[in-house]
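Notes follow the structure.
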Protein chains: 2
Amino acid sequence: MMDTKILVIEDEIALSDAIKTHFESEGYDVKVAFDGPEGITFFKMYDPDIIILDITLPKKDGWQVCREIRENSSKPIIITSIKGDVFDKVLGLELGADDYMVKPIDNKELSARVKAVLRRCQSQTPQADDEVIRFENIEVSLQKYELKLRGRSVDIPPKELELLYFLASNYNRVFTRDQLLDKVWGFDYLGDSRTVDVHIKRLREKLEGTSEKWVIKTVWGVGYKFELLG
Amino acid sequence: MMDTKILVIEDEIALSDAIKTHFESEGYDVKVAFDGPEGITFFKMYDPDIIILDITLPKKDGWQVCREIRENSSKPIIITSIKGDVFDKVLGLELGADDYMVKPIDNKELSARVKAVLRRCQSQTPQADDEVIRFENIEVSLQKYELKLRGRSVDIPPKELELLYFLASNYNRVFTRDQLLDKVWGFDYLGDSRTVDVHIKRLREKLEGTSEKWVIKTVWGVGYKFELLG
DNA sequence: CTGATTTTTTAACGAAGTTTGCACAAAAAA
DNA sequence: TTTTTTGTGCAAACTTCGTTAAAAAATCAG
């Protein structure tokens, strides 16, 4: 298998080091650039398969770098943004970014996203996308923003879908309300943790009686989990 | 229960008073410093969980204070600045501030930000692998918050689970009630050591007859241990 | 842009579950 | 026996949870 090459454009050395070490341990080939112009140069020289690009960079910011890379190439780009940054999803997508993450970066999550993005870009059929979670009688697609129960499409608001998707893709694991706010609502979210309860309630209404094999369970004093039953 | 300590470094007395009153009414412990050096001193003495730091301060400005705090600690810092101040977000982020607010300060928003920042800092940690403790017929997972006896999932309240987890992961070692209160309930817990007895009792009820190979044993005059037999 | 509709968030309150303090009984050492 | 330590039952205090309703925010259609 040919080594997949990752270019990391990131000025915070501690972070870029961590990412480099992590991906190298997973068998990728990694190169790091520390500012915008260096990023562009390395991109041309190194010809990476995927770029992980920070928004706040010295000399030339991430948006600009993204734009320039897109002039010559359609290689996938994952954008990372610091908390508190003015960060525009839509702008990112218009510039041709393929995914984005808000710092702090969790290596495991980054890995998953890199894999997902590569898979997406390598498979020619754009419809064939693996970001669908399936268990008995349930199917959650983040890309189509669609929930299917017993094969039937069910209307569901976006936040509920995202919450369900997150819980289901980390099944059996408990998350506190605060963790869910971070992961589903986002790092910068300001708001009450009781919000989670209400969404869970509405999810349970929709899912009620769909299957005996799984359930959204309350772990008293801790939080919630999507549990697969034996 | 809410024992979170906030250090407010702010020279404008009307404002610091308002903040103090507000957070105390929400159950936080608040201390106020009125200039830079005092802020540093209080930081060392008081060991707060979070710092709310004004930029314009007598004697030593907020940037400098931020820098000095960051030399020794990664405790979260929220910076406040007067509207119209020369105010550099990026500089702030580089110095390690965690959030910003522009005056005038709205108490509710400040509360929300404090909560959000604390949440962020707390959910940094728990990505750890699932540490499951296993002995014959027993399985304790802190990640799933689950206790399995003879392969069956058994309902158990969080404190009991944590106590069991702690004892089992330090099997054969005796802990006094006070040590258990420290380790399981938290070092700042104030309460009766008989509480431990009660939890031990209920644990024993649940675990009774599960296995001949281990037991929660009383060490008379000392405390308890999870003992492996054989 | 405006008003209607949907979604999300907040607030409140009762219900359910947990933890704790206390009193006293039982057990172990002295 | 006396003293000390531990076990247990119970009720009170406390936390957390589920649900509802209403406010606020976002989205959509015209």
Side-chain angles (χ1 to χ4, degrees), chain A residues 88-90 145-147 154-167 174-182 184-186 188-208 215-225, chain B residues 1-4 25-27 106-109 111-113 115-116 119 145 147 154-164 166-167 174-181 184-186 188-208 215-225 227:
Chain A
D88 193 335
K89 229 187 209 182
V90 177
Y145 261 83
E146 184 185 63
L147 167 64
V154 173
D155 274 349
I156 180 171
K159 266 284 174 308
E160 281 175 49
L161 185 104
E162 288 162 23
L163 177 59
L164 175 58
Y165 183 88
F166 179 78
L167 285 172
V174 190
F175 295 92
T176 66
R177 291 170 178 71
D178 282 347
Q179 288 174 321
L180 292 172
L181 287 178
D182 272 358
V184 179
W185 274 256
D188 292 334
Y189 180 78
L190 305 172
D192 199 292
S193 69
R194 297 335 290 307
T195 297
V196 177
D197 299 29
V198 177
H199 285 265
I200 292 285
K201 179 203 175 264
R202 292 201 278 245
L203 266 182
R204 295 213 258 228
E205 272 171 11
K206 291 192 178 66
L207 305 180
E208 191 167 44
V215 70
I216 296 183
K217 189 169 173 184
T218 302
V219 180
W220 210 95
V222 186
Y224 299 100
K225 66 175 164 180
Chain B
M1 171 69 209
M2 177 115 64
D3 194 29
T4 305
S25 82
E26 292 200 345
D106 171 41
N107 273 335
K108 234 172 142 186
E109 189 187 346
S111 273
R113 286 185 188 272
K115 270 185 219 151
R119 188 179 73 217
Y145 254 82
L147 166 65
V154 173
D155 274 349
I156 180 171
K159 267 282 176 306
E160 281 175 49
L161 185 100
E162 288 160 21
L163 176 59
L164 175 58
F166 179 77
L167 285 172
V174 192
F175 295 92
T176 66
R177 290 170 179 72
D178 282 344
Q179 286 174 321
L180 292 171
L181 286 177
V184 180
W185 275 257
D188 50 359
Y189 179 80
L190 304 171
D192 203 306
S193 68
R194 300 339 297 302
T195 296
V196 177
D197 299 29
V198 178
H199 282 84
I200 292 285
K201 170 194 178 277
R202 289 200 281 248
L203 268 181
R204 283 173 171 158
E205 276 170 9
K206 291 193 178 65
L207 305 180
E208 192 167 44
V215 69
I216 296 183
K217 190 169 174 184
T218 302
V219 180
W220 212 90
V222 186
Y224 299 99
K225 67 175 167 180
E227 187 172 62

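We name chains A, B, ... by the order of the sequence lines, and we start the count at 1 in each one.
The nearest whole Å value for the distance from the CG atom in A:D197 to the C1' atom in C:dT9 is 12 Å. Atom CG in B:L163 sits roughly 13 Å away from atom C1' in C:dT19 (whole-Å rounding). Rounded to whole Å, the distance from NZ on A:K217 to C1' on D:dG18 is 17 Å. If you measure from atom CG of A:D192 to atom P of D:dT16, you get 13 Å, rounded to the nearest angstrom. One can place CG of B:L180 at 15 Å from P of C:dT19, the figure rounded to the nearest angstrom. Between A:L147 atom CG and C:dT7 atom C1' there is a gap of 16 Å when expressed in whole angstrom units. The nearest whole Å value for the distance from the CG atom in A:L190 to the C1' atom in D:dA24 is 15 Å.
Of the candidate nucleotides C:dT10, D:dT6, C:dT19, C:dT19 has the atom nearest to the side chain of B:E160. Nearest nucleotide to the side chain of B:R177, out of D:dT6, C:dT8, D:dC17: D:dT6. With C:dG21, D:dG18, D:dT6 as the candidates, the nucleotide lying closest to the side chain of B:V198 is C:dG21. Side-chain atoms of B:K159 lie closest to C:dT19 of the nucleotides C:dT9, C:dT19, D:dT6. Nearest nucleotide to the B:P157 side chain, out of C:dC13, D:dG7, C:dT19: C:dT19.
Salt bridge present: A:R177 and A:D197 bring a charged side-chain N and a carboxylate O closer than 4.0 Å. The residues B:E208 and B:R204 are annotated as not salt-bridged, no charged nitrogen and carboxylate oxygen being separated by less than 4.0 angstrom.
When all heavy atoms of A:Y189 and B:A116 are compared, the closest pair comes out as O-CB, 3.5 Å. The two residues A:D192 and A:L181 make their nearest non-hydrogen contact at O-CD1, 4.2 Å.
Here A:Y224 does not reach the OP1 or OP2 of D:dT16: none of its side-chain N or O atoms lies under 4.0 Å away. The phosphate of C:dT9 (OP1 or OP2) has a side-chain N or O of A:W185 nearer than 4.0 angstrom. OP1 or OP2 of C:dT8 has not a single side-chain nitrogen or oxygen of A:Y189 nearer than 4.0 Å.
Within the nucleic acid shown, B:T195 comes within 4.0 Å of sugar-phosphate atoms alone, with no base atom in reach, counting heavy atoms only. Among the heavy atoms of the strands, none lies under 4.0 Å from A:V196. Note on A:V219: only backbone sugar-phosphate atoms sit closer than 4.0 angstrom, heavy atoms only; bases stay farther off.
Applying a 4.0 Å cut-off to non-hydrogen atoms, the residues of residues 199-206 of chain B that approach DNA chain D are B:K201, B:R204, listed by residue number.
Rounded to the nearest 0.5 angstrom, A:L180 CG and A:L163 CG are separated by 6.0 Å.
With the nearest nucleotide of DNA chain C identified for both A:W220 and B:K108, B:K108 has the one nearer the 5' end. If A:G223 and B:R194 are placed on DNA chain D by their nearest nucleotide, the residue sitting closer to the 5' end is B:R194.
Using a 4.5 Å heavy-atom threshold, the side chains of B:D178 and B:V196 count as separate.
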message = Apply side-chain contact (heavy atoms from CB on, under 4.5 Å) to residues A:W185 and A:K159 and explain how you reach the verdict.
response = CA-CA 8 Å; A:W185 274 256; A:K159 266 284 174 308; 3.3 Å; yes
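Screening B:L167, B:T218, B:L164, B:T195 for a side-chain contact (heavy atoms from CB on, under 4.5 Å) with B:I200, the sole residue that qualifies is B:L167.
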